[in-house]
Chemist: 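Structure in structure tokens, see below.
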Protein chains: 2
Amino acid sequence: MIRVLIAEDQGMLRGALGSLLDFEEDIEIVGEASNGKDALDMILKLQPDICLLDIEMPFMSGLEVAEEVKRRNISCKIIILTTFGRPGYFEQAVKVGVQGYMLKDGSIEELAESIRSVMKGKREFAPELIFGSIQEDNPLTKREQTVLSLASQGKTSKEISSELYLSHGTIRNYMSEIIDKLGVKNRTEAVTVAKENGWI
Amino acid sequence: MIRVLIAEDQGMLRGALGSLLDFEEDIEIVGEASNGKDALDMILKLQPDICLLDIEMPFMSGLEVAEEVKRRNISCKIIILTTFGRPGYFEQAVKVGVQGYMLKDGSIEELAESIRSVMKGKREFAPELIFGSIQEDNPLTKREQTVLSLASQGKTSKEISSELYLSHGTIRNYMSEIIDKLGVKNRTEAVTVAKENGWI
DNA sequence: AAATACTAATGACAATTGTCATTCTAATTA
DNA sequence: TAATTAGAATGACAATTGTCATTAGTATTT
């Protein structure tokens, strides 16, 4: 029997996932969490074999939970279950060392198969992510990402410059370059586009 | 037997919803669509009693499908099924004349109950929407939301003004008011904050 | 009937933003 | 080795942005 914990903030999917996975005769749902903090608590208390983690959840993201589980050297295996193959998320998840990364586009049967596979010690990643069809890579350099990310918080070029110990003009050059690279009109649209693509 | 069509673009939820609703002995799933266009085609072809419609779908939104169904005077009843906190949608759905508006936060049992209730001729709206009133905590007026939403697409004040047939100065006044209301520094941060809160 | 909120407008001002040309260094790649 | 890329800077220019004071019509509340 594979003991599974589900962490997903959308009630309907959480419930449905719970019911349907529980129908599988080799899988047992030991708990359901609706946010990251509860998920971490329940992992510690219930010691499940596998935890399914959504990324965007209140209080603590799935990636933060995964990081904490790995940091504390807990044996629970982690499968990230998320809507989008945001390249940033996927990269981070791999870096943290999760055992699986699946998309909510697949079927529950596929998910059950992945759970069994991970239980056997394998790693399971959604093929869409590996063969990079979604993975449009980030056209922005590290520096540009930093600058745009600060701009998204409403910081002016001058404020960004003093925060990064760079000149005012440099920041404006970077911003101009960012706008050009993303093919947008101004910093506001740049933030929108970069966020949609998971580039910042 | 209540004949139900499901239109939902997220594969996992669509499949789960299909399986679990089909378990109910008085409900029959006659079809599943993954986008708005397919949903409309299937409504015409299969003539279900009730159609569950997600809002954010490719090609045609659930609200557009609902509008078309009502416009053509098709007898199929519509239940909108969507994620919490997206402003404007609820109002628009009521205006179109849908029979139900439920949140993906609830359970499948609740959804099944709503389907039965709608089948009997009642209208079912998620209580969170009626009481909790999502629009209430949105500090922005209709006009301000429109302006900020256009700004988030990178439009300049001048472009927004000509799109809304207002003067350039008026848009800048609105933007100034928006920035003040949200307690932010500029339009870029205003977009970030408003999006995080689901206000635009 | 009076007060309030929303919509809309004008003009003026200072600050911020975006663009361009041009230069320089360090690191990487062909 | 030569070429390219990332990072950093300067100065100048025009356009855009944000603020403020002030006015006004229309609805809705009190």
Chemist: To the nearest Å, how far apart are A:E144 CD and D:dG7 P?
Modeler: 7 Å
Chemist: Which salt bridge (charged side-chain N to carboxylate O under 4.0 Å, His left out) pairs, counting each pair once, include a residue from residues 154-170 of chain A, with sequence neighbours left out?
Modeler: A:K155-A:E163, A:E159-B:K185
Chemist: Ignoring backbone atoms, establish whether A:Y174 has a side-chain N or O less than 4.0 Å from OP1 or OP2 of D:dA8.
Modeler: yes
Chemist: Write down the distance between CG (B:L140) and C1' (C:dT7), rounded to a whole number of angstrom.
Modeler: 15 Å
Chemist: How many whole angstroms separate atom CD1 of A:I178 from atom C1' of D:dA8?
Modeler: 14 Å
Chemist: Take atom CD1 of A:I171 and atom C1' of C:dT19, then tell me their distance rounded to the nearest Å.
Modeler: 16 Å
Chemist: Rounded to the nearest Å, what distance is computed from the CD atom of residue B:E189 to the C1' atom of nucleotide D:dT17?
Modeler: 15 Å
Chemist: Mind calculating the distance between CE (B:M175) and P (C:dA9) to the nearest angstrom?
Modeler: 15 Å
Chemist: Could you list the residues that satisfy side chain to side chain contact (heavy atoms under 4.5 Å, CB included) with A:R72, not counting sequence neighbours?
Modeler: A:L40, A:L44, A:E68, A:I74
Chemist: Any pair with a residue in residues 24-33 of chain A that passes side-chain hydrogen bond (donor to acceptor under 3.5 Å, both in side chains), sequence neighbours left out, goes on the list, sorted by first then second residue, please.
Modeler: A:E24-A:R116, A:D26-A:R116
Chemist: Does the side chain of A:T141 get closer than 4.0 angstrom to OP1 or OP2 of D:dG7 through an N or O atom?
Modeler: yes
Chemist: I need the CZ-P distance between B:R187 and D:dT19, as an integer number of Å.
Modeler: 11 Å
Chemist: Could you name each residue pair satisfying salt bridge (charged side-chain N to carboxylate O under 4.0 Å, His left out) that touches residues 1-12 of chain A, not counting sequence neighbours?
Modeler: A:E8-A:K104
Chemist: Side chain of B:S176: nearest nucleotide among C:dT10, D:dT19, C:dT7?
Modeler: D:dT19
Chemist: Quick one: list whatever passes ring-ring contact (aromatic ring centres under 6.0 Å, His included) with B:F23, sequence neighbours left out.
Modeler: A:F23
Chemist: Going by heavy atoms closer than 4.0 Å, what residues in residues 152-169 of chain A are next to DNA chain D?
Modeler: A:L166, A:S167, A:G169
Chemist: Just how far, in rounded Å, is P of D:dT5 from CZ of A:R143?
Modeler: 20 Å
Chemist: Indicate yes or no for a side-chain donor-acceptor contact from B:N186 to the backbone of B:T188 under 3.5 Å, with no hydrogens or angles considered.
Modeler: yes
Chemist: Does atom NZ of B:K181 have more than 12 heavy-atom neighbours from other groups under 6.0 Å away?
Modeler: yes
Chemist: Would you state whether a donor and an acceptor, one from the side chain of B:N173 and one from the base of D:dT17, lie under 3.5 Å apart?
Modeler: no
